[in-house]
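Along the sequence shown, residues carry numbers from 1. All values derive from a computational prediction rather than experimental measurement.
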Amino acid sequence: MPLGDSVLSFRRMRRDLDSEDIDVTPLPPVAKSYSLRRRSRKAMEVHPEKQLSAGEARSPAKVETGPGQPDIPGATLPGEYQPPTVEYEGKSAASESWALLRTLWRSRYRVRIGLLAAGIVAVLVGNMVGQIELNQWHGLFFDALEQHNLAAFGNQLLMFLAIVGGLLALVVGQTWMQEMLKVRLREWLTHHLLDEWLVPGRAYRLGLAGEIGVNPDQRIEEDTRKLTELSAILGVGLLQAGMLLVTFIGILWALSANVVFVFNGSSFAIPGYMVWCAILYALIGSLLTWRVGLPLIALNSERYAREADLRFALVRVSESAESVALFGGEGDERRQLEGNLDRVVSSMRRLSGGLARLTWITSGYGWIAIVVPIVVASPGYFSGGLTLGGMMMVVGAFNQVQGSLRWFVERFPEIADWRATLQRVSAFKAAVARLEQIDDSIDSIKLVQDPDGKLGFEDVSVLLSDGRVVIAEATVEIGRGERVLIVGESGAGKSTLFRAVAGLWRWGSGTIRLPEPGSMMFMPQRPYLPLGTLRSAITYPDPPDAFSTAEVEAVVKRVGLAEFLEALDVEARLDKSLSLGQQQLIGFARLLLHTPAWVFLDEATSALDEVSQRRAMSIFDHELKDATVLSIAHRSGMEAFHTRTLHLVRTPGGAMLYHREPEAPAQEHVEPWRSALMEELPVALFVRPEPAG
C-alpha cells in the first residue's frame, strides 16, 4: 500500500474509533496492581541494572563473554523489548574440551572418528620406531665418515633410503587420516550445533539472548571450521610430541652417561645431564611464550567478533540494496561499513603487535636451539668420551626430546587461536543450553492443549524486560470455525500476542490454551521463502516432492500466479525477484496445500491490491471454509471477512483486550466485492493451454 494511502487509512480508522459509540464489554476486573508490581520486581531481580527511573533512557547493555574478553556494548531503544540476556561464565579449556568430548561420545559419529584416531595412533607408533632407527643411523653414518670407510658409508646410504621410504609412507598416511579427521570432526560438530540451534522456536529466542546469541552463522560455520581443524592439527601434534618424548627421553638419559666432564684431573658424569638441559631450555621458552602470548587469546576472540559484525553489515547492505539505492543512502552505509572495518582493523593491529612480540620468543628460541645441544654435549666430545657419531646420536636424541618439549612454544599462536574459537563455540552451546533456565528466572506464559480444540487466553500478560506490560490480563476464548480480527494501534502488542500463541514469546504470565499444534499455521507479513525453486517455496516446510505437480499448479492458479507456472522448477532468489504482494500470494498458495484447521494472519495481505486480497481471503469461504482464522490487519475492508473483532486498547497498565461484533458491511461495499470475486473466478478455473505446434 502506498504510504499516503496507509496514512489516510490510519486517520480514518482513528476518526471512526473516536466517533463511534462502541458498546464494549471489558474483561472482568482483575486486581492487577499488586501482581504487575510483583512481576516487575522479579524482572529487576534478574537484571537489576535494567531498572529505569521515570523518563530515563535505557543505557547500552554490556555483555561479557568470558574472562579477559572485551565488553561489547549492545544498545537498546527506550521501551524496546530485551529478554533476559545470557552471559557466559568462561570455563577452563580442559572443561570446555571435556564437555565437547562427552557430546562426541554420545553422537553417531564416534565410530568413524574413533577409527580415524586409532589409525593415526598406529601411524604415530610406526613413525616413532622409524625415528629411533633414524637416530641410530646417524651414529653409524657419521662414524663411517670419521673412519673414512667407503663400504660402510654406501651401506648406510642404502639404509637411509629404506628408513626414509618407510617414514614417507607413514607421513602420507598420517596426512590423509588427519585431513579426514578434520572433515569428520567438522561434520559432527556442525550437525550437533544445528541440532541444538534449530529446535522449534529456539533460533528466534537465541537471537534475543544478547551479544552471545548474535551471528550464529559465524559460530556454526567459521568458528566450527577453525576449531575442528586446529583441534586435529594440535591434537595429533601433541600426541606425536608426547610419544617421541616418552621414547627418546630414556635414550637421551642413557646417552648422557657418555658426556663426561673433566675437572682438576678427575672425570665424572651427571645422571640424565642432557635430559635436564633439554627440560630447562624448554621450560624457559615455554614460560616466556606464555607470558608474552597470553593476550592473543582475547585478541583473537575480539577479532572474530568484529569480523562477524562486518560480515553481517555487508550482508545486510547487500540484502537491502534496493532500499539503499532508493533513498540514496550509499554514503551513510559507507560510513557504517567503514566504522565496522575500522574496528576490524584496530583488532587486527593489536593482534599483529601481539604476534610480533611473540615472534621474538618463538623464532629466537628456534635459532638458539640449533647450537644448544652441541654446546651442552661438547664437553663429552672434547674429553674423548664421545666420538663424532656418538655426539650426533646424543644431539639427535636431544633434539627429539627438546622438540617435543618446545611444541608448546612453537604452536602457541595456533593454541591461542584454538582457545578463542573453543570459547566462542562453548559460549554458543552454553547459551543454547541455558535458554530454558533463563526463561525460568521470570514469569512465563503457560502453553497447554485445550481438550476441546479451542483457543483460549486466561489472564495473559506479556511483559517487557523492565516489568512493564504490553498486554495486560487478556481473557478470551475462540471456538472452531470463527473468523476473528484483532485490531489496535501500533505498539499495542498484536504481533507480540501472536508470537506468544506460536510459543516464541514466553515472557509474561497466564495461560494460553491451544488447539492441536499440527493443525495451526502462522502467516507473517513477509512470508519466508527458502532458497531454491518456486515449487519448494510453496511446499515449504515439506519437501518439493511431498505434493504432486497437479496440486501445486492448482494452488498457484487459485491465488492468481498462473504466469509463474512455467517457472515452478527454476532456481531463483524469490525474495529478491518477486514483489512483497507476490510473496504474500505464495504464502496463501502454501496455505492451500497444507489446509490447516487454524490460520493466523499477521498483516498477511498488507501488500495486496483489493482484488487480490478478496481472492486470497475467499479461500476461507471455499477451500478452507471450516478453518478458524485470526487476523491482524490495519487495512480497511478486512472486517468484511471476519465475524468477530477484538480490540487491543492502550491503557496506563498495558493494552487491554475488548470484544466487539463487527457491523455488517454496507451494501455498496458488498456488491463490488461479489462482482470482483466473480471476475476473478476464471483465474481459479484457468486451464493451462497446450503449446502450439
Side-chain angles (χ1 to χ4, degrees), residues 22-32 35-36 39 201 443-463 469-489 492-524 591 595-604 617 620-621 624-633 638-651 653-664:
I22 303 175
D23 181 16
V24 296
T25 304
L27 299 175
V30 179
K32 59 180 179 296
S35 63
L36 294 182
R39 283 193 295 272
D443 291 344
S444 297
I445 300 172
K446 296 179 181 178
L447 300 178
V448 298
Q449 187 168 341
D450 187 272
D452 299 326
K454 297 180 179 181
L455 174 65
F457 300 93
E458 298 178 358
D459 295 331
V460 174
S461 295
V462 183
L463 302 181
V469 181
V470 177
I471 304 171
E473 281 79 26
T475 300
V476 69
E477 185 175 83
I478 299 170
R480 287 177 290 185
E482 289 195 68
R483 310 286 169 81
V484 180
L485 177 65
I486 300 179
V487 297
E489 60 181 302
K494 302 182 298 298
S495 296
T496 306
L497 186 62
F498 268 37
R499 294 191 190 104
V501 174
L504 300 179
W505 201 279
R506 299 186 179 182
W507 303 280
S509 64
T511 301
I512 299 179
R513 293 182 283 106
L514 298 170
E516 176 67 31
S519 65
M520 297 186 294
M521 186 169 183
F522 295 84
M523 295 180 60
L591 177 71
T595 61
W598 289 75
V599 181
F600 299 84
L601 309 176
D602 186 0
E603 298 285 358
M617 295 302 294
F620 303 113
D621 292 326
L624 298 181
K625 61 182 179 180
D626 296 325
T628 307
V629 182
L630 276 80
S631 300
I632 289 176
M638 283 296 289
E639 295 87 349
F641 306 105
H642 299 81
T643 60
R644 183 179 176 191
T645 301
L646 299 179
H647 286 266
L648 280 173
V649 181
R650 281 181 177 268
T651 70
M656 304 298 295
L657 196 61
Y658 292 89
H659 311 261
R660 186 187 73 171
E661 296 296 329
E663 298 177 0

May I ask you to test the [X]-[Y] pair for a side-chain heavy-atom distance under 4.5 Å?
X      : Y      : answer
Val484 : Leu455 : no
Phe620 : Leu601 : yes
Ser509 : Asp459 : no
His642 : Val487 : no
Arg644 : Leu646 : yes

query = Going through the distances and angles, do Leu624 and Thr595 end up as a side chain to side chain contact (heavy atoms under 4.5 Å, CB included)?
reply = CA-CA 7 Å; Leu624 298 181; Thr595 61; 3.9 Å; yes

message = Taking Arg480 first and then Asp450, would you say they form a salt bridge - that is, a charged N and a carboxylate O separated by under 4.0 Å?
response =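 The answer is no: the pair does not qualify as a salt bridge.
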
inquiry  = One thing to verify: whether Glu458 and Lys446 come together as a salt bridge, which I'm taking to mean a side-chain N less than 4.0 angstrom from a carboxylate O.
reply    =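 No, no charged N to carboxylate O under 4.0 Å.
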
task = Take the angle between the ring planes of Phe522 and Phe600 and call it parallel below 30°, perpendicular above 60°, tilted in between.
result =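 Parallel.
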
Indicate the atoms forming the closest heavy-atom contact of [X] with [Y], along with that distance.
X      : Y      : result
Arg483 : Phe641 : CB-O, 3.8 Å
Glu482 : Glu477 : OE2-O, 4.3 Å
Pro515 : Gly453 : CB-O, 3.7 Å
Ala633 : Met638 : CB-CG, 3.7 Å
Val448 : Thr511 : CG2-CG2, 3.7 Å
Ala500 : Ile445 : CB-CD1, 4.1 Å

Got a second to check how far [X]'s [atom1] is from [Y]'s [atom2], nearest 0.5 Å?
X      : Y      : atom1 : atom2 : answer
Leu630 : Leu497 : CG    : CG    : 8.5 Å
Arg499 : Asp602 : CZ    : CG    : 7.5 Å
Thr645 : Leu485 : OG1   : CG    : 5.0 Å
Phe498 : Leu504 : CZ    : CG    : 12.5 Å

message = With a 3.5 Å distance limit and no angle check, can you tell me whether Lys494 reaches the backbone of Gly488 through a side-chain donor-acceptor pair?
response =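 Such a contact is found between Lys494 side chain and Gly488 backbone.
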
ask   = Hey, is the main chain of Gly508 close enough, under 3.5 Å, to the side chain of Ser461 for a donor-acceptor pair?
value =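 The answer is no, because no donor-acceptor pair under 3.5 Å joins these two groups.
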
task = Let me see the working for Ile512 and Phe457 under side chain to side chain contact (heavy atoms under 4.5 Å, CB included), right down to the final yes or no.
result = CA-CA 5 Å; Ile512 299 179; Phe457 300 93; 3.9 Å; yes

